[in-house]
Number of protein chains: 2
Amino acid sequence: MPSLQHTFLKRRQSLASKLRSPALIFAGHAPPRNFPANTYPFRASSHFLYLVGMSIEGAAILVHPDGSSTLFVPTPSPDDELWHGPSPSLETISSLLGIEAQPFEGLKGSFRKEAIASLPVHDEKTRLIQQELIGRIVSASSLSPIDEALADAIISLRLHHDEAAIAEVRHAASITKQAHLEAMRSTRVGRGAWEIRATLLALFAHNHCTPAYEPIVTPKGEILHARDSNHILEEGDLLLIDAGAESPTGWASDVTRTIPVSGRFSSTQRAVYELVLEAQKGAISALRPGVRFRDVHLLASRILAEGLLELGILRNGGPETLIEEGALALFFPHGLGHLLGLDVHDMEDLGDRAGYAPGRFRSTHPSLRYLRLDRDLEAGMVVTIEPGFYHSKGWLAHPQNAPLVHRFVNVDILNRFSDVRGIRIEDDLLITQDGAECLTDSIPKEVEDIEKVIGGTC
Amino acid sequence: MPSLQHTFLKRRQSLASKLRSPALIFAGHAPPRNFPANTYPFRASSHFLYLVGMSIEGAAILVHPDGSSTLFVPTPSPDDELWHGPSPSLETISSLLGIEAQPFEGLKGSFRKEAIASLPVHDEKTRLIQQELIGRIVSASSLSPIDEALADAIISLRLHHDEAAIAEVRHAASITKQAHLEAMRSTRVGRGAWEIRATLLALFAHNHCTPAYEPIVTPKGEILHARDSNHILEEGDLLLIDAGAESPTGWASDVTRTIPVSGRFSSTQRAVYELVLEAQKGAISALRPGVRFRDVHLLASRILAEGLLELGILRNGGPETLIEEGALALFFPHGLGHLLGLDVHDMEDLGDRAGYAPGRFRSTHPSLRYLRLDRDLEAGMVVTIEPGFYHSKGWLAHPQNAPLVHRFVNVDILNRFSDVRGIRIEDDLLITQDGAECLTDSIPKEVEDIEKVIGGTC
């Protein structure tokens, strides 16, 4: 494996070779929580982490088309040592990272504003600095041509993970696996969902990781992004756990499991669970370079539609009709998956620019509007595959959905599935030369394997 | 105890009675972490929590001088139920909180821009909304007269905690106690400081709490705000743990303990520890209404200076001289404490306006420049008392400090204290009619009590 210095040098040089103007990429600042001195934990921007490999608050890297780079680092105040400990010198940073390091103040005037490209930043402090330095606001929804070129250059790099990136994603996945196993073992009737969540968070922290996103741990799995975990787990509940670790250098994983709190799936839960699993496996086996991700999404949708027809929940049409008319989206409203890398939705700070191939745009169709990825797959991409089934009475009763429900749903049969609120099964897949490698499938997902682990010591 | 509805109504009416113009106070929005859809956990602004008691992202409350209030709540999008679950209706919110609730859109045009007061907000999204609604930027460093009046009104309320507030601070303190005890029991040679940190965080999460600030868990206690915990605990280390829970409704606690990893203080560690404890106890016993907090800070400073003279670390002057000349600040550079409430540094979003009485300003003196509180104490205030001793070789060697060290420090003797890197002891004190009640002192801090708990099951 090449040295890390070499990896980052190569990334910067690859970026440089695609540039026609210098690029200025900011690490960012920690945003305040309730007052300026009490911030959320700092997390450098993913583009910065990708090129530098080290989280340095307030820094920025200038990459020149000739392949040279300069890292601009804030000068510590005299009291910084007292409050935050010794800051590494510019020489130390330089030799550690293999980049020329300069004081941040030197950035001003070191380039022509009209000729510098930059990327959207995420906090107000950095935005003001960026705006002053380059003389404009950089926003994902209205990139200037020079910023568009930089965005496209960095997307073309970050779409295909190099060896070091894959090692990081594997590491995040391995911690995520431990956390899910621990969560499954701690799950039992009478526990609080928040306790299972605390267990996951502690396991991440024990392993120097943070959550890559706020974990979802809920018996109300029909809420796609349920924020709260304030429920006591009851006999008959399914617990949906969507949680992934972020490695210490910022790489994400993203895994969902749905498990029966009592240790046994009911027959209705099992029927739907196995259908979702079948759709997931069908989608995974379709992954290979050249395949359009939207087609994989539609394949999984067909499997789900067929299964729901067979169960009698959907009616009055074949799978294609049910998808086209929007009936399947009543139960599977979101996309099959998304890019994964330094961000859990990789490069979503650039809007759909990374997830959608040039010339492709988000559809408004009920089965496609939440699809975050519509590219032809290529080796080195990492994607999630996460079909689901959601039984949300409020959503089904919504005026926009009532006519569809009336026409396509057998409510009597659906009501027999009242103990199935939400099921999602999600893994992380590395696209290889001839298929895909699942990075997370050693986390139990077969019915028998899950039933063995719940509340147990297996 | 009065009902919670009554408590919040009373707070709003008390605020109203101090107002001459209507006040618009925003809850705020969760800031993005690495892309817009991946935010940090939402935490409503403290002023909003104080008046409303419920965390509602994107909401704002309008308080009129006549005592009436209206809560403006964002209207959920049609898909909100699908992604985030059912939103309570305006009627539900209204009857739950006892405030009239209206859709957020109704706010526009419901007041005259020139006649509305507001307070600084903490995230960019809210700042843009605020700016559009009221036609100006509200910044703590340059408040307009109308905003100053509102800030002073809310400070005068929040300085004195009502019964409900004290109950919340006590609850946060009780969870903090459990967490510190658990951390002490898990501390032993060979463990990672990050593991102790993970233990604290898990205990908070198990109890529906978050950390009120990023916990400091470090054997490098000489760094006042050490951010990382990536150290294996070694024989002879002192572990400094500065961690406090935030209750589910947003109230903070803030406690520091310093404990010997091996279970026994060395004689040098014990000598300095007992000095810091003596300074803390001396300060605590001086707390009562009417006492100027700066004087308590100086009292603790004198006790520390006397002790360091006695140990032979300081020399060439009496305690007063050592403080005046800045020599004590080499070892105790920060303030004795600060206000505590909904914020860990309560109302620090308003700068020094809350911590400093009108007409008093931050001094530049080495012993005073980091003092966050200079008010005369009043019953109902909650303050921290947190003296410390820090032995930072880098800081002592700093050019601004070298002459002081040369003149006032006996380096030979100091070097005998090389196993004392940083000691801080911090508790939360409620000022009562005739003294102060320590809300957190059941967390062990006597040498013998700590030694019993470390790595044990006591």
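The sequence lines fix the lettering, A, B, ..., with proteins before strands; numbering per chain opens at 1.
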Any chance you could lay out the side-chain contact (heavy atoms from CB on, under 4.5 Å) test for A:Y213 and B:T39, step after step, and finish with the verdict?
CA-CA 8 Å; A:Y213 51 96; B:T39 63; over 6 Å; no
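Only the backbone of B:L342 comes within contact range of chain A, judged by heavy atoms closer than 4.5 Å. Within the 4.5 angstrom heavy-atom criterion, atoms from both the backbone and the side chain of B:R43 approach chain A. Contact annotation for A:T218: neither backbone nor side-chain heavy atoms come within less than 4.5 Å of a heavy atom of chain B. Contact of A:R33 with chain B is made through backbone and side chain together, with heavy-atom distances under 4.5 Å. Looking at A:H47, there are no atoms closer than 4.5 Å to chain B (heavy atoms on both sides), in backbone or side chain. Both the backbone and the side chain of B:P78 come within less than 4.5 Å of a heavy atom of chain A. For A:Y370, the part lying under 4.5 angstrom from a heavy atom of chain B is the side chain only. Using a 4.5 Å cut-off between heavy atoms, A:P31 contacts chain B through its side chain alone, with no backbone atom that close. Contacts of A:Q400 with chain B are made by side-chain atoms alone, with heavy-atom separations under 4.5 Å and no backbone atom involved. For A:H206, the parts sitting under 4.5 Å from any heavy atom of chain B are the backbone and the side chain alike. For B:R369, the part lying near chain A is the side chain, with the backbone staying farther off; criterion is any non-hydrogen pair under 4.5 Å. At a 4.5 Å heavy-atom cutoff, B:S45 makes no contact with chain A through either its backbone or its side chain. In this structure, chain B has heavy atoms under 4.5 Å from both the backbone and the side chain of A:D79.
Note: A:A205 leads A:A44, A:A205, A:G192, A:A37 in heavy-atom pairs under 4.5 Å with chain B. Among A:R197, A:E348, A:K220, A:M347, the residue with the largest count of heavy-atom pairs under 4.5 Å with chain B is A:E348. Counting heavy-atom pairs closer than 4.5 Å to chain B, the top-ranked of the candidates A:A226, A:S392, A:P41 is A:P41. Ranking A:D343, A:L200, A:V344 against chain B, the residue ahead of the rest is A:D343, based on heavy-atom pairs under 4.5 Å.
Contact annotation: the side chain of A:L224 approaches that of B:L82 to within less than 4.5 Å [non-hydrogen atoms, C-beta and beyond]. Looking at heavy atoms from C-beta onward, B:I223 lies in side-chain contact with A:P86 at the 4.5 angstrom threshold.
Residues B:D349 and A:N34 share a closest heavy-atom pair of CB-O, 3.7 Å. Looking at every heavy atom in both residues, B:E81 comes nearest to A:G394 through OE2-CA, 3.1 Å. A pairwise comparison of heavy atoms in B:A202 and A:A198 identifies O-CB, 3.9 Å as the closest pair.
Between B:Y40 and A:Y40, the ring planes lie parallel to each other; the angle is under 30°, not in the 30° to 60° tilted range. Between B:W83 and A:H225, the ring planes lie perpendicular to each other; the angle is over 60°, past the 30° to 60° tilted range.
Taking the centre of each ring, B:W194 and A:H208 come in below the 6.0 Å mark. Side-chain rings of A:F35 and B:H122 stay apart, their centers remaining 6.0 Å or farther from each other.
Looking at B:N38, its side chain does come within 3.5 Å of a backbone N or O of A:A212 through a donor-acceptor pair.
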